[in-house]
Amino acid sequence: MIIGVLALQGDFDAHRRRLEELGAKVLLVKKPEQLDEIDGLIIPGGESGTFLKLLGEEGFEKLKQFVRLKPSFGTCAGAILLATEVENPKQVGLGAIDISIRRNAYGRQIDSSIREGQLLTAALKKGSDSALEMVFIRAPKIERVGAGVEVIATEGKDNIPVAVRQGRTMAATFHPELSDDTRIHQTFLDLVQQRQAPLSGSRAKRPSPKKL
Ligand code: GLN
């Protein structure tokens with residue numbers, strides 16, 4: 001299992017370190033054709049508009065095909081890229097996860113902050129909701145969560161969704177790669193693993209035929 005980290009700009013190296021700590025094999029993806037070599041992709045934080053420019057039309061289309069078929073996880077600018085709807089200003093998204101997201105939604109005064117949020121049971125295999133350190137840097141805000149989207153982490157007294165999952169796609173508005181806690185990256189690795197063996201899983205679970 002090889003996990004790619006899109007390495008066009010932003011803090012891709014911190015993701016690489018987190019993934020390697022968890023024993024994953026990592027490929028820094030700088031060219032579109034490298035997408036063919038990986039089983040899952042992390043799109044890091046940075047500046048989403050700059051990502052779009054660096055990707056170009058061809059890179060964007062190749063990435064769109066990839067995220068439709070394989071697991072991907074976007075953090076901050078990466079979450080903006082994966083969304084269906086982007087505001088402030090409007091911007092194209094890859095449409096991999098049915099959320100509306102507002103760029104730079106916290107204003108300039110609180111450009112960056114470290115807060116404590118909640119990791120929900122949906123992201124934890126067992127156990128109950130637990131505290132999670134979250135680093136926000138010029139963070140976007142998820143303003144709409146589509147029907148098929150599961151919230152896996154929240155923040156603040158209004159329980160704003162800050163990490164979400166839909167099928168093979170995950171997105172977080174904070175930077176889990178900048179905290180020591182590896183649970184969010186582990187959640188993504190589990191997702192990639194699950195998606196790699198869908199056939200054996202469904203075969204094993206298939207109920208025995210009913211007797212007539
Ligand atoms: N503000 C950036 C954007 O709109 C995202 C910030 C980040 O990735 N830390 O793309």
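For ligands, and for the atoms within them, numbers begin at 1 and follow the listed sequence. Owing to the predicted nature of the structure, the values given are computational and were not obtained by experimental measurement.
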Heavy-atom donor-acceptor pair, N88 side chain to R102 backbone, under 3.5 Å | no

Whether R18 side chain and S179 backbone form a donor-acceptor pair below 3.5 Å = yes

Contact (N/O only, under 3.5 Å) between [X] and ligand 1:
{"X": "I80", "result": "no"}
{"X": "G49", "result": "no"}
{"X": "T75", "result": "no"}

Suppose we measure from [atom] to each protein heavy atom; which comes out shortest, and what is that distance?
{"atom": "atom 1 (N) of ligand 1", "value": "N104 OD1, 2.7 Å"}
{"atom": "atom 7 (C) of ligand 1", "value": "C76 SG, 2.8 Å"}
{"atom": "atom 4 (O) of ligand 1", "value": "R103 NE, 2.6 Å"}

Any atoms of ligand 1 less than 4.0 Å from a non-hydrogen atom of [X]? List them with their elements.
{"X": "H175", "answer": "7 (C), 9 (N)"}
{"X": "S48", "answer": "3 (C), 4 (O), 10 (O)"}
{"X": "I137", "answer": "6 (C), 7 (C), 9 (N)"}
{"X": "G45", "answer": "8 (O)"}

Of the listed options G46, A79, G10, closest to atom 5 (C) of ligand 1 (non-hydrogen atoms) | G46

Presence of salt bridge, [Y] and [X], under 4.0 angstrom:
{"X": "R115", "Y": "E133", "value": "no"}
{"X": "D39", "Y": "R195", "value": "no"}
{"X": "E57", "Y": "K62", "value": "no"}
{"X": "R16", "Y": "E20", "value": "yes"}

Does a donor on one side chain sit under 3.5 Å from an acceptor on the other, for R183 and S130?
-> yes

Step through the shown structure and confirm whether more than 12 heavy atoms of other residues, nucleotides or ligands are within 6.0 Å of CD on E33.
-> yes

